[in-house]
*Asks:* 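The following block contains the structure, expressed as structure tokens.
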Amino acid sequence: MPKPLHAALLLSGLLASPALAHPGHDSETTTGQTATTSQINGRLASEVEIEVRGGYRYITSNGIPDHEPGRFPNRGNPNRITEQSYRYRMPASPEANDEPTAMRGVIGVALNGVPMDPGTAEFWDPDGRNSRSRDRSSGWNYDALSGKINLGLDDSNAHVQPTGAYHYHGLPVGLIKLRQEAQTEPAMVLVGYAGDGFPMYASVAHEDAEAADSPLVPMKPSYRLKEGDRPGGNNAPGGRYDGTFVQDWEYVAGLGDLDECNGRFGVTPEYPDGTYYYMLTDSYPFIPRYYRGTPDRSFIRRSPGGADNAGDRPRGPRDAGPRQGPPPGERPDGPPPRR
């Protein structure tokens, strides 16, 4: 029987590799070891407990990364990292659905207990008084990694909300480096779990999804920029589709290696018999925007810091706005993959 997953993480430490052999295959009650809150080199220590019991995986953490974060506050982000109180739950044996489900807030949690949240609260202002607005009525949502807005992201594509919640908008570079350093040989890098319970990996996977001995290659998403210009006038920003907005992108089935949820079925080191898994990629959508399974209620419209719909703000610790994401059931252009 595979070993259950449990780990105690400190900012200067690595994930406990013996406990990561086959996470999620065990439904027995397990006990995680939680690190004592302290400061290491003047920084808060990361605390996370991951346990599988009663058919669910529970991730409890203080939201502090186990790698070196950027400097906060900074010019684009005025907020300071503070400890949080997270308790997420997801199925330990998830099931894939034929149709995708749109994410609403946090899509998943990294192994260090830091949330993954691709959305922003920044929308094009239809009144033209400002370039951005918390009013989502225009439907044109700025993408965090577009380079068109300064959200003060650090080298791990993360920043801090007004609540003090540190969270990832893209590849968690610091965490990936720690995981790679802990490996004895090159392998797929497990970085976390999505709200529906499926694992999340970073950047590379086996060229042949069903063959563990096939080469590791970068995974290509199946999204592309739309051609031509956006609508203009009072209801849309105009200009060419250049990735500034989430709506600049479209999904084309079969264009890349991954489906519209930025995932696929295949074997991984932790799941040698195969599973559906998500990929975090260095191009759009970076972090998945859709669930292949059914997310647990602890992820529905929940933001880092625990408040519903708490959005990112590039300036000033103001009240948070609504989250990015189309209504449930909607998806990018293109038919969903059939499995």
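Computation of the quantities below employed the complete heavy-atom set of this structure, encompassing side-chain atoms and omitting hydrogens, waters and symmetry-equivalent molecules. This chain uses plain numbering: 1 for the first residue, then up along the sequence.
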*Asks:* Go through the steps to decide whether Leu175 and Val191 satisfy the test side-chain contact (heavy atoms from CB on, under 4.5 Å), and finish with yes or no.
*Replies:* CA-CA 7 Å; Leu175 172 62; Val191 293; 4.2 Å; yes

*Asks:* Between Tyr276 and Asp259, do the side chains contain a donor N or O and an acceptor N or O under 3.5 Å apart?
*Replies:*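 Yes, a side-chain donor-acceptor pair sits under 3.5 Å.
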
*Asks:* Checking Ser61 now: which residues fulfil side chain to side chain donor-acceptor pair (under 3.5 Å) with it, not counting sequence neighbours?
*Replies:*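 Side chain to side chain donor-acceptor pair (under 3.5 Å) list for Ser61, sorted by chain: empty.
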
*Asks:* Could you verify whether a donor N or O on one side chain and an acceptor N or O on the other, from Ser156 and Asp154, lie under 3.5 Å apart?
*Replies:*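 Distance-only check fails for Ser156 and Asp154.
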
*Asks:* When you measure from the side chain of Asp257 to the backbone of Lys220, do you find a donor-acceptor pair of N or O atoms at a distance under 3.5 Å?
*Replies:*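 Yes: the side chain of Asp257 pairs with the backbone of Lys220.
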
*Asks:* Give a yes/no verdict on a cation-pi contact between Arg292 and Phe198, requiring under 6.0 Å between NZ or CZ and the six-membered ring centre and an angle within 45° of the axis.
*Replies:*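 Ring-cation test returns no.
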
*Asks:* Examine the side chains of Tyr277 and Arg264 and answer whether a donor and an acceptor come within less than 3.5 Å of each other.
*Replies:*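 Indeed, the side chains of Tyr277 and Arg264 share at least one donor-acceptor pair under 3.5 Å.
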
*Asks:* What's the verdict on side-chain contact (heavy atoms from CB on, under 4.5 Å) for Tyr193 and Leu190, showing C-alpha distance, side-chain angles and the deciding distance?
*Replies:* CA-CA 9 Å; Tyr193 288 91; Leu190 175 69; 3.9 Å; yes

*Asks:* Could you tell me which non-hydrogen atom of Ser133 sits nearest to which non-hydrogen atom of Asp125, and how far apart they are?
*Replies:*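 Closest pair (atom of Ser133, atom of Asp125, distance): CB-CB, 3.9 Å.
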
*Asks:* If we ignore hydrogens and angles and just use 3.5 Å, is the side chain of Asn141 paired with the main-chain N or O of Glu122 as donor and acceptor?
*Replies:*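 Judged by distance alone, yes, a pair lies under 3.5 Å.
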
*Asks:* Hey, what's the ring geometry for Trp249 with Tyr284, parallel, tilted or perpendicular (30° and 60° as the breaks)?
*Replies:*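 The arrangement is parallel - the two ring planes meet at less than 30°.
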
*Asks:* The criterion is side chain to side chain donor-acceptor pair (under 3.5 Å); which residues satisfy it with Thr82, sequence neighbours excluded?
*Replies:*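 If we apply the side chain to side chain donor-acceptor pair (under 3.5 Å) test to Thr82, skipping adjacent residues, the hits are Gln84.
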
*Asks:* Any donor-acceptor pair under 3.5 Å linking the side chain of Gln180 with the backbone of Val189?
*Replies:*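 Not a single qualifying donor-acceptor pair exists.
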
*Asks:* Supply the atom-to-atom distance Glu260 CD to Tyr223 OH, rounded to the nearest 0.5 angstrom.
*Replies:*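 Glu260 atom CD to Tyr223 atom OH measures 6.0 Å (nearest 0.5 Å).
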
*Asks:* Do Asp248 and Arg230 touch side chain to side chain, with heavy atoms closer than 4.5 Å?
*Replies:*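 Yes, close enough: below the 4.5 Å cut-off.
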
*Asks:* Do Asn62 side-chain atoms and Glu83 backbone N/O form a donor-acceptor pair below 3.5 Å?
*Replies:*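 Checking the backbone N and O of Glu83 against the side chain of Asn62, no donor-acceptor pair under 3.5 Å is found.
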
*Asks:* Tell me every residue that passes side chain to side chain donor-acceptor pair (under 3.5 Å) with Asp282, counting only those two or more places apart in sequence or in another chain.
*Replies:*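 By the side chain to side chain donor-acceptor pair (under 3.5 Å) rule, Asp282 matches no residue at all.
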
*Asks:* Does the ring center of Phe245 lie less than 6.0 Å from the ring center of Tyr142?
*Replies:*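 Between Phe245 and Tyr142, the centre distance is under 6.0 Å.
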
*Asks:* Side chain of Asp296, backbone of Met90: donor and acceptor closer than 3.5 Å?
*Replies:*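 Pair absent, no side-chain N/O of Asp296 close to backbone of Met90.
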
